[in-house]
Amino acid sequence: CRNHRGPLIVAFAASRAGVNAVWLNTAFSARQAAEVANREGVDLLVHDVEFTDLVADIEARHGTFVADIDSASDDLDALAADASPKAPPAPAKQGRIILLTSGTTGTPKGAPRAEPRSFILPGGLLERLPMRAREATIIGPPLFHGTGLLIAIMTIALGSKLVLRRKFEAEQLVADIERHKATTVCVVPVMLQRVLGLGDDTVRSYDTTSLRAIFCAGSQLPAAVATAAQDLLGDVVYNLYGSTEVALATMATPSDI
C-alpha cells in the first residue's frame, strides 16, 4: 500500500491479533513481491487497487483484500462493518513488525532484530526531537520504510494528527505545513533537496513558522543541503543515522548541524 490510513489500520489489527505484519515495497516487481511474500510466509495480503496485477502471483491462504479508501468498494471498510465490536482476547504472543532490508545484497529480506522491551527507543528519540502531544506531523517517505513508520507510530502515540500523501510532492508538503500548522516533518534527504529546489520565494510564500523539527534520515544528508534548509526554514533539522537492522543509532541536532 502507498501512504494512507489503510496499511496502518491493518498493522494495528495484526498487532492486536498477535500476528506479524510484513511491509512490502510498492516499487517491487511482480517477481520480487511474490518471492518475498513466499519467503516471509505471508498468509493474508492487503494491497492498493493499483497493485492488483503486481500481486497476482501471491498466494495468501487467508485471502487477498483491496484497500481502496476513496471508494465504496473498499474491502477494509467492509471487513470492519461485519466485525464484532468487542475487543478480541489478548494474544498469546505479540505480533511483530517486519521491515525489509534495502536489497543491496539480493532480494530484500525481513530484518531480524529483538523487539524492544522498554521505552529506550522512543525515549532516546524524544530526548532530542521536540515532538509534543496533540500537534501535527507530515510524513514524506513511504510507511514501509523504517524512517516513515517510526515517526508515524510516534505521532499516533502522542495523540497528534498524522498527515499522509500517497506520493511525495515538494510544494504539496510545504502547503501542508501551512494548512495543518505542522510542527514536525519527516523526510529523506532527496525530499529536502526537492523542497529547496522550489526556490526561496516559493517556499517563503507559505507560512512555515509552526515548524519545529525536520526529521531527516534514510540516507546521507549532504552538509550543503542541511545548512541551506536551516538558512531557509530555521534551526529545525534533526539528522538521524540508523538502519533497518538496528533502528536508531545516533542523531544530530540543529546545533550539531
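Positions are given from 1 along the sequence.
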Do you know the tightest heavy-atom contact between Arg166 and Ile69?
NH2-CG1, 3.5 Å

When rounded to the nearest 0.5 angstrom, what is the spacing between CD in Glu171 and OG1 in Thr202?
6.0 Å

With a 4.5 Å cut-off on side-chain heavy atoms, are Leu173 and Val187 touching?
yes

Can you measure from CG (Asn25) to CD (Gln32) and round to the nearest 0.5 angstrom?
7.5 Å

Go through the side-chain N and O atoms of His4 and Asp70 and say whether any donor and acceptor fall under 3.5 Å apart.
no

Salt bridge (charged side-chain N to carboxylate O under 4.0 Å, His left out) between Asp176 and Arg165, intermediate numbers included:
CA-CA 10 Å; Asp176 282 339; Arg165 297 282 179 183; 2.9 Å; yes

Hydrophobic clusters here meaning ILVMFWY residues chained together by side-chain heavy-atom distances under 4.5 Å, can you tell me if Met131 and Ile138 are in one?
no

Any salt bridge between Arg2 and Glu50, counting N to O under 4.0 Å?
yes

Indicate whether the side chain of Tyr241 and that of Gln220 have a donor and an acceptor atom separated by less than 3.5 Å.
no

Tell me, yes or no, whether the heavy-atom count around Glu59 atom CD, taken from other residues, nucleotides or ligands under 6.0 Å, exceeds 12.
no

Determine whether Leu232 and Leu196 satisfy the following criterion, side-chain contact (heavy atoms from CB on, under 4.5 Å), listing intermediate values before the conclusion.
CA-CA 8 Å; Leu232 180 60; Leu196 295 175; 3.9 Å; yes

Val236, Tyr206: one ILVMFWY side-chain cluster at the under-4.5 Å cut-off?
yes

For the CG atom of Leu143 and the CG atom of Leu149, what is their distance to the nearest 0.5 Å?
6.0 Å

Is it the case that over 12 heavy atoms from other parts of the model lie below 6.0 angstrom from the CD atom of Glu169?
no

Value for CG (Leu221) from CD (Gln193), rounded to nearest 0.5 Å, stands at 8.0 Å

Just how far is it from atom OG of Ser205 to atom CG of Asp200, taken to the nearest 0.5 Å?
11.0 Å

Side-chain donor/acceptor of Arg128 to backbone N/O of Met251, under 3.5 Å
yes

Indicate yes or no: does Glu35 engage Arg31 in a salt bridge with an N to O separation below 4.0 Å.
yes

Please answer whether the main-chain N or O of Asp68 pairs with a side-chain N or O of Asp74 as donor and acceptor at a distance below 3.5 Å.
yes

Report yes or no: do Phe51 and Leu44 belong to one cluster of Ile/Leu/Val/Met/Phe/Trp/Tyr joined by side chain heavy-atom distances under 4.5 Å?
no

Do you know which two heavy atoms are closest between Arg212 and Tyr238, and how far apart they sit?
O-CE1, 3.9 Å

Show your working on side-chain contact (heavy atoms from CB on, under 4.5 Å) between Asn239 and Ile257 and close with a plain yes or no.
CA-CA 8 Å; Asn239 184 26; Ile257 289 169; 4.1 Å; yes

Could you check if a side-chain atom of Leu192 sits within less than 4.5 angstrom of a side-chain atom of Ile214, using non-hydrogen atoms only?
yes

Quick one, Leu164 and Leu162 - any side-chain contact, counting heavy atoms below 4.5 Å?
yes

Taking every heavy atom of Ala67 against every heavy atom of Cys1, the minimum-distance pair comes out as CB-SG, 4.2 Å

Going hydrophobic residue to hydrophobic residue with side-chain gaps under 4.5 angstrom, can you get from Phe144 over to Leu150?
yes

Hydrophobic clusters here meaning ILVMFWY residues chained together by side-chain heavy-atom distances under 4.5 Å, can you tell me if Leu76 and Trp23 are in one?
no

In Å, rounded to the nearest 0.5 Å, how long is the span from CG of Asp82 to CG of Asp77?
11.0 Å

List the steps and the verdict of side-chain contact (heavy atoms from CB on, under 4.5 Å) for Thr184 and Leu211.
CA-CA 6 Å; Thr184 302; Leu211 197 59; 5.9 Å; no

Quick check: closest heavy atoms across Ser255 and Thr253, and the distance to 0.1 Å?
OG-OG1, 3.0 Å

I'd like to check Ile97 versus Ile153 (side-chain heavy atoms, cut-off strictly below 4.5 Å). Are they in contact?
yes

Kindly say whether Thr183 contributes a backbone atom to a donor-acceptor pair with the side chain of Glu135 at under 3.5 angstrom?
no

Taking the side chain as every heavy atom from C-beta outward, state whether Ile151 and Leu125 have any pair of such atoms under 4.5 Å apart.
yes

Note, Leu24 side chain near Glu40 side chain (heavy atom, < 4.5 Å)
no

Could you tell me which non-hydrogen atom of Arg132 sits nearest to which non-hydrogen atom of Ser160, and how far apart they are?
O-OG, 3.3 Å

Any side-chain heavy-atom pair of Ile177 and Val185 under 4.5 Å
yes

Closest non-hydrogen atom pair, Val66 against Asp48
CG1-C, 4.4 Å

Val237 and Pro254, any side-chain heavy atoms less than 4.5 Å apart:
no

List the steps and the verdict of side-chain contact (heavy atoms from CB on, under 4.5 Å) for Lys161 and Thr155.
CA-CA 7 Å; Lys161 180 192 294 184; Thr155 299; over 6 Å; no

